[in-house]
There are 2 protein chains.
Amino acid sequence: MTVTIGDVARHAGVARSTVSYVLSGNRPISEETRRRIEEAIRDLNFTPNAGARALKTAQTKVLGVFLQFHEDEFAPAMLQYLLAITSTARTYGYDILMVTDPSGEPALRRVTSSTMVDGVVLLDVTHSDARLNALREAKQPGVLIGLPGSPEGLDVFDLDFAESARVVIDHLWGLGHREIAVISPPLHVFERGGAYGWRFRDAAMERALGYGMRVSSHYGESQQPAVNRSLNAVLDARPDATALVVHNDASIAALPSVLRDRAVSVPEDMSVVSLYARDFARQFTLPYTAIDSAPDVLGQRAVTQLLRRIQNPQQAGSPAVHLIPPGLTVRGSTR
Amino acid sequence: MTVTIGDVARHAGVARSTVSYVLSGNRPISEETRRRIEEAIRDLNFTPNAGARALKTAQTKVLGVFLQFHEDEFAPAMLQYLLAITSTARTYGYDILMVTDPSGEPALRRVTSSTMVDGVVLLDVTHSDARLNALREAKQPGVLIGLPGSPEGLDVFDLDFAESARVVIDHLWGLGHREIAVISPPLHVFERGGAYGWRFRDAAMERALGYGMRVSSHYGESQQPAVNRSLNAVLDARPDATALVVHNDASIAALPSVLRDRAVSVPEDMSVVSLYARDFARQFTLPYTAIDSAPDVLGQRAVTQLLRRIQNPQQAGSPAVHLIPPGLTVRGSTR
DNA sequence: CTGAAAGCGCTTACAG
DNA sequence: CTGAAAGCGCTTACAG
């Protein structure tokens with residue numbers, strides 16, 4: 001039923017190898033022969049079997065993307081990463097096997113050891129991520145999006161959250177703010193080992209205290225009505241704060257209505273700075289001054305590096321941590 | 001470097017076929033032989049090569065999921081579908097190849113004709129979706145999530161949007177509402193052929209007019225600040241409306257703050273009914289009375305049917321359109 | 001209960 | 001410029 005390279009060869013009156021060389025372009029072929037073969041391919045509507053090719057060449061042209069859905073989490077950002085990863089991969093002729101097993105490590109072992117993919121992208125990497133050992137033992141290269149505690153020997157791409165925090169604090173300090181509140185991701189993100197939470201928070205606190213600012217930090221929430229409740233609790237607890245630093249998508253999305261309820265105007269009564277994906281902001285919140293979390297840049301750079309490591313290992317350099325520098329977009333929510 | 005079934009056989013002192021039968025369980029094996037082979041597998045850390053197995057068995061154990069990211073669209077719902085699809089597939093031992101090419105049809109042909117997958121799930125299906133022809137010509141079965149104009153010969157799963165609209169209108173009519181406004185998905189969704197938009201709207205209008213209600217419909221927007229602006233325009237245009245039917249995620253997410261700005265209380269001054277995914281509601285909006293769009297149910301049922309068609313074609317029945325009945329969850333935003 | 005052989009659909013040295 | 005052959009790593013009739 002399925003058309004194979006043998007059918008094409010017979011139809012064109014040539015050897016299977018000749019058809020293969022027409023396909024790959026790895027050998028000069030006479031004009032006449034090429035024409036006949038191309039015609040046969042069209043007539044029979046032939047497409048090479050990817051599995052057979054993979055078996056022979058030991059290349060699947062597939063990248064594995066490993067991610068986890070967390071019950072209690074706000075996930076739209078995940079989609080931004082996926083889009084950047086898939087479209088970059090496709091540019092280079094690679095498809096994406098998306099693996100979402102709750103058990104990250106066994107799934108990673110299963111997929112890599114059965115040679116289903118040529119390389120691996122780990123998303124949502126935590127401080128002591130169990131998948132890292134499996135990745136180090138895999139025969140395929142891998143890249144991480146998200147900085148773990150021990151990144152040795154691995155390519156890592158992440159936003160520079162510490163520097164992001166410093167940029168934000170410097171911005172507020174420069175505008176004259178002396179008392180601020182920082183809203184971090186929810187507690188369960190910290191407990192799970194989501195290092196971006198404390199990397200941002202700790203750097204923000206340190207910088208602010210270094211300036212002599214009064215500063216407090218608070219966990220945000222990920223679900224309503226707790227999101228609103230926690231924001232109100234922060235505002236109640238810090239009546240003299242003049243600026244809010246919000247590092248939590250659910251909170252920043254809820255902030256406009258919470259502030260309105262309290263008759264607090266931005267930036268007149270309160271300055272607000274946040275950190276989120278540009279697209280998230282476009283679709284959702286009011287335009288706050290914010291650091292762009294740049295999932296598109298991270299996804300694109302991670303895949304590019306992974307492909308370099310797959311295709312030109314010697315040119316890929318030593319595995320390294322790549323922290324991309326934060327960009328603050330001023331949108332008028334601070335003064 | 002890579003361990004093959006031949007290495008295991010040599011190590012255990014048996015034939016490759018015997019190792020294979022231990023793996024598959026397709027033949028009785030003596031206790032002693034099985035023990036030796038299992039030990040060799042463990043010692044050598046052997047995992048069968050998925051590609052070789054696929055080539056021989058003509059089964060990849062991979063499903064293709066085809067989706068498109070639309071520049072201007074609010075996409076979190078997509079993630080709900082993906083989660084349901086991947087986890088259902090994994091339950092049955094299948095992995096997911098996620099394809100996001102903007103050119104849906106060629107991508108579908110490429111993946112199916114090269115035999116990369118055993119079956120296909122199409123997401124975000126439009127009224128006259130170019131991918132349907134490619135799917136009908138594919139050797140693999142496929143299912144759609146989203147009802148197209150011509151679903152003949154294909155398994156389709158979708159929410160019953162027309163019935164959803166009738167349930168919503170009946171609910172409002174029963175509470176005594178006589179003047180309402182319906183907010184649909186953005187115009188570009190209609191232009192692209194997103195049939196769920198007009199299926200819901202047209203049924204709502206028909207039912208409401210049938211009751212003699214005053215009713216108008218409006219396109220929502222997908223990006224701020226247009227979302228807020230359009231909501232305000234609707235409220236300005238319909239000062240006597242007592243209920244809002246909102247079929248648009250971006251609009252319902254923005255509604256709380258818009259209504260607060262206008263000092264409109266729900267449900268005292270205005271009743272609100274919507275249609276969205278339960279998880280979306282949990283994380284985002286205030287709890288509105290709504291039809292659950294049930295991406296989890298749709299994804300799970302679609303994959304289950306697809307696998308039936310792959311594994312037991314004779315038991316899968318004729319391809320059919322499955323519209324799941326809407327469930328209205330009353331949350332106190334209407335009266 | 002187990003083995004030797006054929007073959008899935010390709011690619012690529014090896015020959016001419 | 002082209003062909004015949006080997007082989008990628010499996011599975012499964014065919015034998016015994």
Side-chain angles (χ1 to χ4, degrees), chain A residues 1-38 40-41 44-62 93 110-118 139, chain B residues 1-38 40-41 44-62 93 110-118 139:
Chain A
M1 190 204 116
T2 296
V3 179
T4 74
I5 200 171
D7 300 322
V8 175
R10 204 172 315 115
H11 197 263
V14 297
R16 279 155 46 202
S17 50
T18 307
V19 177
S20 178
Y21 284 116
V22 165
L23 255 27
S24 66
N26 286 341
R27 180 194 254 186
I29 306 276
S30 75
E31 203 37 61
E32 159 64 4
T33 307
R34 144 165 292 122
R35 209 194 41 67
R36 281 219 316 285
I37 292 175
E38 281 169 351
I41 289 175
L44 301 177
N45 194 19
F46 167 71
T47 312
N49 180 300
R53 180 173 276 177
L55 181 56
K56 188 63 205 176
T57 62
Q59 284 200 80
T60 62
K61 293 289 204 170
V62 174
R110 176 177 66 80
V111 169
T112 52
S113 64
S114 61
T115 321
M116 300 180 74
V117 299
D118 294 341
K139 51 197 164 194
Chain B
M1 191 205 115
T2 295
V3 178
T4 75
I5 200 170
D7 300 322
V8 175
R10 202 170 319 113
H11 197 263
V14 298
R16 279 156 46 202
S17 50
T18 307
V19 178
S20 178
Y21 284 117
V22 165
L23 255 27
S24 66
N26 286 341
R27 182 194 253 187
I29 307 276
S30 74
E31 203 36 61
E32 159 64 5
T33 307
R34 143 166 293 122
R35 209 194 42 67
R36 281 219 316 284
I37 292 176
E38 282 170 349
I41 289 175
L44 302 177
N45 195 18
F46 167 70
T47 312
N49 180 300
R53 180 174 277 177
L55 180 58
K56 187 63 205 179
T57 63
Q59 283 199 83
T60 63
K61 292 289 203 168
V62 174
R110 177 177 66 79
V111 169
T112 52
S113 64
S114 62
T115 322
M116 299 180 74
V117 298
D118 294 340
K139 52 195 163 196

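Each chain gets a letter, A, B and so on, in the order the sequences are listed, and its residues count up from 1.
Side chain of R16(B) to backbone of A9(B): no donor-acceptor contact under 3.5 angstrom is found. In terms of modelled atom types and a separation under 3.5 Å, the side chain of N26(A) and the main chain of Y21(A) share no donor-acceptor contact.
Taken from NZ in K56(B) to OG in S20(B), the straight-line distance is 10.0 Å, to the nearest 0.5 Å. The CG atom of L55(A) sits 10.0 Å away from atom OG1 of T115(A), with the distance rounded to the nearest 0.5 Å. For the atom pair T2(A) OG1 and L44(A) CG, the distance stands at 12.5 Å (nearest 0.5 Å). Interatomic distance, R10(A) CZ to I5(A) CD1, rounded to the nearest 0.5 Å: 12.0 Å.
Using a 4.0 Å cutoff to heavy atoms of chain B, the contacted part of DNA chain D runs 5' to 3' from dG9(D) to dC14(D).
Non-hydrogen atoms lying under 4.0 Å from DNA chain C are contributed by F46(A), T47(A), P48(A), N49(A), A52(A), R53(A), all within residues 45-53 of chain A. Sorted by residue number, the members of residues 13-27 of chain B with any non-hydrogen atom under 4.0 Å from DNA chain D read R16(B), S17(B), S20(B), Y21(B), N26(B), R27(B).
For R35(B), the salt bridge (Lys or Arg N to Asp or Glu O under 4.0 Å) partners two or more places apart in sequence, or in a different chain, are E32(B), E39(B). Shown here are the salt bridge (Lys or Arg N to Asp or Glu O under 4.0 Å) partners of R53(A), two or more places apart in sequence or in another chain: there are none.
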Quiz item: Can you give the dot-bracket line for DNA chain D, using ( ) for pairs inside the strand, [ ] for pairs that cross earlier ones, | for pairs with another strand and . for unpaired bases, where Watson-Crick and G-U count if both distances are under 3.5 Å?
Solution: |||.||||||||.|||
Exercise. Could you check N49(A) against T4(A) for side chain to side chain contact (heavy atoms under 4.5 Å, CB included), going step by step and ending with a plain yes or no?
Key: CA-CA 8 Å; N49(A) 180 300; T4(A) 74; over 6 Å; no
Practice problem: Step by step, work out the side chain to side chain contact (heavy atoms under 4.5 Å, CB included) result for I29(A) and T18(A). | Solution: CA-CA 8 Å; I29(A) 306 276; T18(A) 307; 4.1 Å; yes
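Taking all atoms of both residues into account, the shortest heavy-atom contact from A54(A) to T60(A) is CB-CA, 3.9 Å. Annotation for L23(A) and F46(A): closest pair CD2-CE2, 3.7 Å, computed over non-hydrogen atoms.
Toward the 5' end of DNA chain C, the nearer of the two residues L55(B) and T33(B), judged by each one's closest nucleotide, is T33(B).
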